[in-house]
Amino acid sequence: MSLVLKKGMERSLERIFESALKKIGVPEGIPVRFETPQNEAHGDLSTNIAMLIAKDLKRSPRDIAKEIVDYVRGEDGELKSVEIAGPGFINVMFRNDYITGQLQELLSHGTEYGKGESNKGQRINLEWVSANPTGHLHAGHGRQACLGQAIANLLDWTGAEVTREYYFNNAGNQMTNLAKSVRVRYLQQLGEPIELDEDGYRGMEIVEIAKEMVREFGESKREESLAFFQSFGEKKNFRHIRSTLERLGIHHDIFFNENSLYESGAIERTISEFKARGLAYEKDGALWLRLSEMGQNEDRVIVKSSGEPTYRLPDICYHRDKLSRGYDDIIDIFGADHIATIADVLAALKSLGYDTERIKVILHQMVTFVSGKELIKFSKRSGEAYSLDELIDDVGADAAKFFFNMRASGSHLEFDVELAREQSEKNPVYYVQYAHARIASIVRFAAQEGIAFSIPDKTEEGNTDLSVLEHPEELRLIKVLIRFPQVIERSAAALAPHHVCEYLREVAAQFHRFYQECRIVGGPKHLEIPRLLLAMATKRVIANGCAVLGVTAPESM
RNA sequence: GCGCCCGUAGCUCAGAUGGAUAGAGCAACAGCCUUCUAAGCUGUGGGUCGCUGGUUCGAGUCCAGCCGGGCGCGCCA
């Protein structure tokens, strides 16, 4: 986290603590870090700095802490308390008016609240989904699709200029299989006794494509070339993939066709370069890359004896292309099943002299779909895949996006379709959305009751005094809300949207607690509008957090 | 055999650069609606953080070795 974007209090505390360290003779350059304790008895912010430097100073942590605290107490009147606790923690508590001041700040930022600048000026390329147009997206693709969408949004929110990219291959073996499969299905439609190859695509979408061909062309394409079937199938599949992504609100700026790497000569150039550097050699009629000399386990074929490159070579060229476009960061999202190629590609790029530090790879684990206790099985052989469209039909786009982002990408995800579909308190999506709808309803009710108020703006002139909010549940709620910018910051830095899901649940839970304890409309007159504004701030944070996940925040449910 | 990921409550999972009494949801049990959405809230029970060593004032977190699960290891992508 850069200094620039830390909220005022934390930054000024760091400064004060650092000058305290200087005063007691600690060499400069040791940063003071604060964390938000999970236990509220430990204050609003806490630091373990005294324990960290105790060894070097050869003094007890509590001793050091005492000296720091004495200094800090003299410096800052903004704090309610500064205390030493446990083995040497220093816990600080904010004054209530500071906390309500932060609420004012939140309200004045509106839809912008939570946006930061930690990635300001960064041009970042994010590549994800990247499924070849050999069929429809299946439910498992949903994780990557939704993960990438949320990550792209997080990067946006932290000020990056994001290019969203989809890499696909419409040539090679897979597409030939598609062509053959479409052809067989088409001929079957025309009554010919012909069967799919062993590695043919068995999905029902191929049958649908064949039926469409019959409707459109009748029997006239019986003798057509494979190229025709391929292009027809590709077009239909791609249109379908894009419509599925559209249902999730996912858009890409660039669809990068692997084929363009051949057309531009990039493949040839890279081959010559490998050869010129002595990194490639011929064996058994194929061209091999000396990966074993680049720190990898074994050499791999990059050009088959048939003359066609294996996928590794275009993958390498594709990354060269992205590197040449001058991005500050290049992020790839892959499923765990693609793990094998990544190290090879990076090693090859490094051997060509590229700085691969700029390339970040997110590997997400696989998804298991269950319905209650029952496992939903996928069978590629039979073509009985659970499609992403079906999943969206079953649970809705919002639930899909929330569920796919609920877990850390490195963790295996169990997606309970029955739970996601359920419109009850068990379902975390509804729990969060319900809080938002509930607030919307309260605001409507307030308007109906003739309560007039305005959202505070930055002028601070004529704004409602929020410092009357003193109830523990009110203050707890505000403290949760004003953490939002840091949550976005941290999630973006870790490329981990699941933190946002966790946080939103926390916000919703604290709002419900506040709602339970503090009557808004019809409560104490002088608290009516401040509480209403607190509710609106909550609504804002939920809406903004949902926006990051691409989830809607409904006005009523 | 090799590489990567995972192992935390009955289940699904969080645990910020190593810190305070390890958390949440669900499930179980006991309560709370003449008043702003009960799709909500409160309380109770539930753990040798896979095992064994090591580093450290301090380890769920770092290191090593095992055990268990997942994904890979092709002239497929």
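Residue numbers start from 1 in every chain, and the chains themselves are labelled A, B, ... in the order their sequence lines are given, proteins ahead of strands. This structure is a prediction, so every number in the text was calculated from the model and none was measured.
One interatomic measurement links the two molecules: CG of A:L477 to P of B:rC41, which rounds to 13 Å at whole-angstrom precision. Taking atom CD of A:Q448 as the reference point, atom P of B:rU37 lies 9 Å away to the nearest angstrom. Rounded to an integer number of Å, the gap from A:M51 CE to B:rA59 P is 12 Å. In this structure, the NE2 atom of A:H499 is 10 Å from the P atom of B:rA14, given to the nearest Å. The distance from atom CD of A:E308 to atom P of B:rC76 is 8 Å, rounded to the nearest whole Å.
One can find a donor-acceptor pair under 3.5 Å joining the base of B:rC75 and the side-chain atoms of A:S305. At a cut-off of 3.5 angstrom, the base of B:rA77 holds no donor-acceptor pair with the side chain of A:D337. No hydrogens or angles were tested; on distance alone, a donor-acceptor pair under 3.5 Å links the side chain of A:S46 to the base of B:rA20. Contact of A:Y430 with B:rA39 (side chain to base): no donor-acceptor pair of N or O atoms is detected under 3.5 Å.
Here the shortest heavy-atom pairing between A:N91 and A:S46 reads OD1-OG, 2.8 Å.
Looking at A:T158, its side chain does come within 3.5 Å of a backbone N or O of A:L155 through a donor-acceptor pair.
Within the nucleic acid shown, A:H412 comes within 4.0 Å of sugar-phosphate atoms alone, with no base atom in reach, counting heavy atoms only.
The P atoms of B:rA14 and B:rG7 are separated by 8 Å, rounded to the nearest whole Å. B:rC26 and B:rG72 have their C1' atoms separated by 33 Å, given to the nearest Å.
With centroids closer than 5.5 Å and planes inclined by less than 30 degrees as the test, A:H338 and the base of B:rG72 fail to qualify as a stacked pair.
Ring-plane geometry between A:F403 and A:F415 is classed as tilted, the angle between the planes lying from 30 to 60 degrees on a 0 to 90 degree scale.
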